[in-house]
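Input: a single structure, listed below in C-alpha cells.
As a basis for the values below, the full set of heavy atoms in this structure was taken, side chains included, without hydrogen atoms, waters or symmetry mates. Sequence lines set the chain letters: A, B, ... in the order given, protein chains first and strands last, and positions in each chain run from 1.
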Amino acid sequence: MSATSADDSLARLLAEPALEVAPRLLGSVFWSGRVGVRLTEVEAYHGQGQDPGSHAHRGRSARNGSMFEDAGTLYVYLSYGIHRCVNIVCGPEGYASGVLLRAGEVVAGLDEARSRRTTSRSPADLARGPGRLGSALGIELGDDGSRLVDDAPGQEARFRLRLPSAPLGPVAAGPRVGVSGHAGGDAFPWRFSLEGDPTVSPYRAAVSRRRGGA
DNA sequence: TAGAAGATAGGA
DNA sequence: CCTATCTTCTAG
C-alpha cells in the first residue's frame, strides 16, 4: 500500500492557481486536531497586482508574509480585530495566492467545537462564516505559517486535509463576501459554495464605513 | 504620527 | 439594521 499517493494528489492540487483550487476544496474535511470540518464555502484570492481584494495585492507586508510561502502553508490573520480567519496558500511559490475557508459543517469533535462557540444556536452555526470556522477549529494567530498535510492514517500533524472521495452536488459561484475593489461587483466571482447547504454563510456586500457623516 | 478601512459576528 | 473591536496599512 502506498501512503504517498494521496499526499501527492493534495500537493498537486495545491500547486494549481487559486481559482482552480478553490472549488475543488469543497467537500473536503479540514482537520485541526480532533475537530473536522467539511468545507462548504471558500473564496479564491490571487496575488500581488492581480486582485484588488487580496491582502497580497500591494505586496508583502508584516501580516501577509505567509501568503508568499509555498503551497500548503496556512495564512492566518486577525479580522476586524477579533476573528481569526484561515487561508490555504496555493499556486506557484511566491505568487501569494490562497483560498479562504469561509464555512463548513462540523463532522467530528462536535463537543470541542461547541465549547469554543458558545454563542451558536444550532449545529449549522458552528462554522458558518470564516471567523466562526476559525473559532470552532481553535485557530490562533500563532498558527500562521503552519503546514497543511494530507490526512493519512498515522499522520500526526495538527492540520490535515482529506479530499472528497465522492462527486459533489452542484457548486454555486458568485462575488466574494465583504470585499471591496470590485468594479461592478461581479468582476471577481470567486466565491464557491455547495448549493443549498445550510452551513453556507449569507452574502454581504463590502461595508462602507460612515462615521459622523460627511 | 494620525486616520480610515477592513476577506466579521452578534444583538436589537 | 447597527455597532463592538483593534490591527494593519497608507498618507502626510
Exercise for review: Check each of Tyr45(A), Phe68(A), Tyr77(A) against His55(A) using the ring-ring contact (aromatic ring centres under 6.0 Å, His included) test, and report the only one that passes.
Suggested key: Tyr77(A)
Practice item. For Tyr77(A) and dC6(C), give me the distance from atom OH to atom P, rounded to whole Å. Key: 17 Å
Revision key, fill the gap. Winner on side-chain proximity to Arg204(A), out of dG10(B), dT7(C), dA7(B), is dG10(B)
Practice item. In whole angstrom, give the distance that lies between atom CG of Leu78(A) and atom C1' of dT8(C). Key: 10 Å
Exercise for review: Kindly say whether Gly53(A) contributes a backbone atom to a donor-acceptor pair with the side chain of Asp51(A) at under 3.5 angstrom?
Suggested key: yes
Exercise for review: Say whether, by atom type as modelled, one donor and one acceptor occur between the side chain of Arg84(A) and the main chain of Ile139(A) under 3.5 angstrom.
Suggested key: yes
Exercise for review: Check the distance between dG10(B)'s P and Leu126(A)'s CG and give it to me in whole angstrom.
Suggested key: 11 Å
Check your understanding: Just how far, in rounded Å, is C1' of dT8(B) from CD of Glu41(A)?
Key -> 12 Å
Review point. What integer distance in Å separates His83(A):NE2 from dC6(C):C1'?
Key: 11 Å
**Study point:** Residue of the set Arg102(A), Arg128(A), Arg38(A) for which salt bridge (Lys or Arg N to Asp or Glu O under 4.0 Å) holds with Asp197(A)
**Key:** Arg38(A)
Review point. Would one find a side-chain N or O of Thr119(A) under 4.0 angstrom from OP1 or OP2 of dG10(B)?
Key: yes
Revision key, fill the gap. To the nearest angstrom, the CZ-P distance between Arg128(A) and dA9(B) comes to 10 Å
Polar atom pairs between nucleotides 9-12 of chain C and protein, under 3.5 Å, N or O only, would you list them?
unit_1 : atom_1 : unit_2   : atom_2 : d
dC9(C) : OP1    : Ser61(A) : OG     : 2.3

Exercise for review: Classify the nucleic acid contact of Arg121(A) as base, sugar-phosphate or nothing, counting any heavy atom under 4.0 Å across all strands shown.
Suggested key: nothing
Review point. Under the 3.5 angstrom rule, does the side chain of Arg117(A) hit a backbone N or O of Leu126(A) as a donor-acceptor pair?
Key: yes
Review point. Would you call the rings of Trp190(A) and His46(A) parallel, tilted or perpendicular if under 30° counts as parallel and over 60° as perpendicular?
Key: tilted
Exercise for review: Have a look at Ile82(A) and say if it touches a base, only the backbone sugar-phosphate, or nothing, with a 4.0 Å heavy-atom cut-off.
Suggested key: base
Check your understanding: When the distance from CZ of Arg84(A) to C1' of dA7(B) is rounded to whole Å, what number comes out?
Key -> 15 Å
Exercise for review: Would you confirm whether Arg114(A), through its side chain, and Ser120(A), through its main-chain N or O, come within 3.5 Å as a donor-acceptor pair?
Suggested key: no
Review point. Do other residues, nucleotides or ligands put more than 12 heavy atoms under 6.0 Å from Arg58(A) CZ?
Key: no
Check your understanding: Rounding to a whole Å, what distance do you find between Tyr80(A):OH and dG6(B):P?
Key -> 7 Å
Exercise for review: Output the single nucleotide from dA7(B), dG6(B), dA9(B) whose closest atom is nearest the side chain of Ser180(A).
Suggested key: dG6(B)
Revision key, fill the gap. If one requires at least 3 consecutive Watson-Crick or G-U pairs with distances under 3.5 Å, the stems of DNA chain C turn out to be B:1-6 with C:6-11, B:8-11 with C:1-4
Review point. Is it true that Glu69(A) and Arg60(A) have a side-chain N and a carboxylate O under 4.0 angstrom from each other?
Key: yes
